[in-house]
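Not measured: the values here are computed from a predicted model.
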Amino acid sequence: MRRLARRIVRGIAGAVLLIVPARAAEPVEHRIEALLSRMTLEEKAGQLTLISHEPILDLDSFRRGEVGAVINFNNAGLVAQADRLARSSRLGIPLLVGLDIVHGYRTIFPLPLAMAASFDAGLVRRAAAAQGRESAAVGLNWTFSPMADVARDLRWGRVVEGLGEDPWLTGRLTAAQVEGFRDGGLASTLKHFAGYSAVLGGRDYDATFVAPTELHDLHLPPFRDGIRAGADAVMTALTALNGVPTTADPALMTGLLRRQMGFSGLVVADWQAVASLTNHGVARNGAEAARKALLAGVDMDMTSGLFLRHLPAEVRAGRIPESAVDEAVRRVLRLKFGLGLFDRPVIDTAGAEEKLLRPETRNLAREAARASLVLLQNREDLLPVNPAKVRRIAVVGPFADSAWDQVGPHEGAGQEWDAVTILAGLRERAAASGIAIDFAPGCGRVCDGRAEFSEAVAAAARADLVVAVMGEPRDRSGEGSSSATLSWPGLQHELLAAVAGTGKPVALVVVGGRPTELGNALEQAQAVLMAWLPGTEGGPAVAETLFGDANPSGRLPVSWPRRVGQLPLTYDVLPGGRPHIPGSRWTMGYVDESPLPLFPFGYGLSYTRFAYGEPEVVTPHLGVGDRYDAVLEVRAAVTNYGTRAGRAVAQLYLSQPVAGRSRPKRLLKGVALLDLASGETGTASFRVPARDLGYHEPDGTLVVEAGAYRAHVGGDAVATRSAGFTVETGWRGPPGSDEARR
């Protein structure tokens, strides 16, 4: 066995001798127990404490062993300083260094909801790996992502951090992010457990009330997928679920997460979530809050300091068994050993910046931005731009040249000057085709005045094509940005009407972190492209798509509402006793608006056209035993009958028309990406484990019923091609099982 050498580590005040307390080749569990046996209660509480980089930071707390992890130490110099200090403590335990790497560290990718529009798990994994490599270059080793919460209400600002409204798609892309972060060198954190996205009224931090069946069918599947993919940590939600704050809920955090779902990693409280237990009214003071959180299953306290302040005294008073503290410390140390932190030196700050914004990372960010763009409308094939007809383009709108908005919230260390704006991208691409660009924004980003409207109208009148870039700024998305409306701020709709009034064709590029009310925009603009908040390389990606260098293939990961009053609005609705019939008052709907979305889940156009054949069920008899198939196999022909090559995003939806309880009209269970040349026919093939046909009872029991089912294949949730199949024998699986059993 190789003995770990004693290392000389340069400390803040001088050289510090670091003694690693065990042999590197010794089993990790032995090394953990050796460390644990030497720890005081205060040092144990220190390992369970995560602090933020704040002006009042006490550097000596690192030397005292009172810090196990940090957040917001987001450059190599700060990371190295903190880690050296931690390693100079009595036991020399290195730090977990975390940050919310939501869509990039320095090179900023489209936000997760936009990435979900690609429906491409492979791309999502590659993007997460690139984000991880940049983060690891400056010493980060832990990200507080992915967000596995299923977006059910677009008023909730945090829908932008998630992966859409569907649990199957969210689960597949959550797993891809977990795998990608691991590829890039970061530990991952699934958040927020559980039901966080069900906040009342879409109001961040409000209460959540979720029926047990809905919890198991809708909110938990993405967490299961993330755990199976190897997620390192799970974060509690800031909310109360069915009246109990998740951070103090042992039935949820220990009974469900650990026992039923089999999660063995680290549980970290969200920011100040332990302290907030007093606000929730379930703890009288900080000591009780710390005690309830730890005994519920929380291993690490984020930023409140209550574990450090109170756990030693709680143990000595007999209110917390020391064994419970030890188990939490073991999970922290396992993660640190798993990341190899004990066997690697402090980050070398020299050359860290050179690993950021590398060409290959920017190229991948551009690829991701292209894949996220969703073409919503293209009347008379206005797009792509035809240089034979278009010699001058007027670019208008407050977000055409707004780099900071394009970078978006949760930007890591992203900088606006790194971003190529949509205007800059259009100028470069238009110049290559000899097309002139006139820029007249018409108003500022809050668009609260009409003084500049006339310049925009004049530019439109001179042009052959108007590209209007409008929507929502970055601060209308993200944590703490819930909104009671879905309207564009200011007078943007008036500006759009004014430039459309010139009679020149308009291509509208919509920016923002969620679908918004489009009002009359679909009549005023012949083409509409959803660009989301596309990140560092968003400008070139939009320009290349408008000019046809890239064929849009993005699909909506959320249903697009007509009005905010429809929310929550999702595709996977129950049929109801009186299903909607247009024009019929006594059926499900509204008297003043259609209950249907403006654009359905999964929708998106292309510069070419696809036709879907009738699906073929390859395995028409499913069930238990040797006579039956355990996996449903469906295939369908897809033909590109347009004039361009393009990507078809074939989607498989399943339904159970008659069941023991009312089932959703259809549920997404498969996606097949087919890149087809003009005139080419390909085959979309889907494989669905039979257990995925089932639903859960309130205790988590999985039920797959015998009977008739249907498979629907198409380009969105309205898929009209379908075929039937039969489950010959039903079965039930106990809570927490991966496979259903008789």
Side-chain angles (χ1 to χ4, degrees), residues 150 166-172 175 194 210-225 227-228 255-256 259-262 570-577 579 614-636 651-671 685-713 717 719 721-742:
V150 181
D166 176 73
W168 184 90
L169 182 64
T170 296
R172 295 311 182 273
V210 179
T213 52
E214 182 180 337
L215 185 69
H216 286 282
D217 283 346
L218 176 66
H219 294 280
L220 295 183
F223 286 91
R224 291 188 189 276
D225 288 338
I227 291 169
R228 290 186 185 120
L256 181 56
R259 294 177 187 153
Q260 275 198 32
M261 300 177 69
T570 58
Y571 83 92
D572 52 348
V573 295
L574 299 179
E614 296 294 335
E616 174 192 1
V617 178
V618 182
T619 54
H621 302 287
L622 298 173
V624 177
D626 295 339
R627 296 174 52 203
Y628 305 108
D629 299 299
V631 175
L632 172 69
E633 294 188 45
V634 179
R635 61 191 180 203
Q651 300 157 45
L652 170 69
Y653 297 85
L654 300 182
S655 62
Q656 185 182 5
V658 179
R661 79 177 199 207
S662 187
R663 301 290 311 276
K665 293 163 87 173
R666 53 187 59 187
L667 290 167
L668 180 69
K669 294 297 179 181
V671 170
S685 298
F686 309 93
R687 290 175 55 86
V688 182
R691 66 175 181 271
D692 286 359
L693 276 60
Y695 59 85
H696 292 87
E697 293 184 340
D699 69 348
T701 297
L702 174 66
V703 178
V704 179
E705 293 183 321
Y709 293 73
R710 295 201 69 79
H712 313 262
V713 177
R721 305 286 191 179
S722 67
F725 65 94
T726 303
V727 173
E728 301 289 350
T729 61
W731 65 91
R732 300 163 64 86
S737 63
D738 284 341
E739 301 292 340
R741 302 172 185 171
R742 283 182 186 270

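- With 3.5 Å as the limit, one finds no donor-acceptor pair spanning the side chains of His696 and Thr701.
- Atom CG of Asp225 is separated from atom CZ of Arg172 by 5.0 Å, given to the nearest 0.5 angstrom.
- In this structure, CE in Met261 is found 8.0 Å from CZ in Arg228, a value given to the nearest 0.5 Å.
- Ala706 approaches Glu728 most closely through the heavy-atom pair CB-O, 3.9 Å.
- Between Val688 and Leu652 the shortest side-chain heavy-atom distance falls below 4.5 Å.
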> What's the verdict on side chain to side chain contact (heavy atoms under 4.5 Å, CB included) for Leu667 and Lys669, showing C-alpha distance, side-chain angles and the deciding distance?
Replying inline: CA-CA 6 Å; Leu667 290 167; Lys669 294 297 179 181; 4.1 Å; yes

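- Using a 4.5 Å cut-off on side-chain heavy atoms (C-beta onward), Arg687 and Leu632 make no contact.
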Q: Check step by step if side chain to side chain contact (heavy atoms under 4.5 Å, CB included) holds for Val704 and Leu622.
A: CA-CA 10 Å; Val704 179; Leu622 298 173; over 6 Å; no

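- Val713 and Ala636 make their closest contact through CG1-CB, 3.9 Å (heavy atoms, listed as atom of the first residue, atom of the second, distance).
- Ring orientation note: the planes of Tyr709 and Phe725 are close to parallel, at an angle under 30° on the 30°/60° scale.
- Residues Glu616 and Val634 are not in side-chain contact: their nearest non-hydrogen atoms beyond the backbone lie 4.5 Å or more apart.
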Check your understanding: Does the pair Leu693 and Leu654 meet the rule for a side chain to side chain contact (heavy atoms under 4.5 Å, CB included), with working shown?
Key -> CA-CA 8 Å; Leu693 276 60; Leu654 300 182; 3.9 Å; yes

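- Between Arg710 and Ser722, the side chains place a donor N or O and an acceptor N or O closer than 3.5 Å (distance only, hydrogens not considered).
- Note on residues 694-708: pairs passing salt bridge (Lys or Arg N to Asp or Glu O under 4.0 Å), not counting sequence neighbours, are Glu697-Arg732.
- With hydrogens and angles disregarded, a donor-acceptor distance shorter than 3.5 Å links the side chain of Asp166 to the backbone of Trp168.
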task: Could you walk me through whether His216 and Arg224 pass the side chain to side chain contact (heavy atoms under 4.5 Å, CB included) test, one step at a time?
output: CA-CA 10 Å; His216 286 282; Arg224 291 188 189 276; 4.0 Å; yes

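- In this structure, the side chain of Arg666 engages the main chain of Ala717 through a donor-acceptor pair within 3.5 Å.
- Judged by distance alone, the side chain of Lys665 and the main-chain N or O of Asp572 form no donor-acceptor pair under 3.5 Å.
- Atom NE2 of residue His621 and atom CG of residue Asp629 lie 8.5 Å apart, to the nearest 0.5 angstrom.
- Classification of Asp217 and Arg661 as a salt-bridged pair holds, one side-chain N sitting under 4.0 Å from a carboxylate O.
- A distance of 9.0 Å separates CZ of Arg663 from OG of Ser655, quoted to the nearest 0.5 Å.
- Thr619 places a side-chain N or O within donor-acceptor distance of the main-chain N or O of Glu633, the cut-off being under 3.5 Å.
- Residues Val703 and Trp731 form no side-chain contact, since every pair of their non-hydrogen atoms from C-beta on lies 4.5 Å or further apart.
- A pairwise comparison of heavy atoms in Ala723 and Val617 identifies CB-CG2, 4.1 Å as the closest pair.
- Minimum heavy-atom separation, Leu215 to Ala194: CD1-CB, 4.2 Å.
- Of all heavy-atom pairs between Pro698 and Pro212, the closest is O-CB, 3.5 Å.
- Pro657 approaches Ala708 most closely through the heavy-atom pair CD-O, 3.5 Å.
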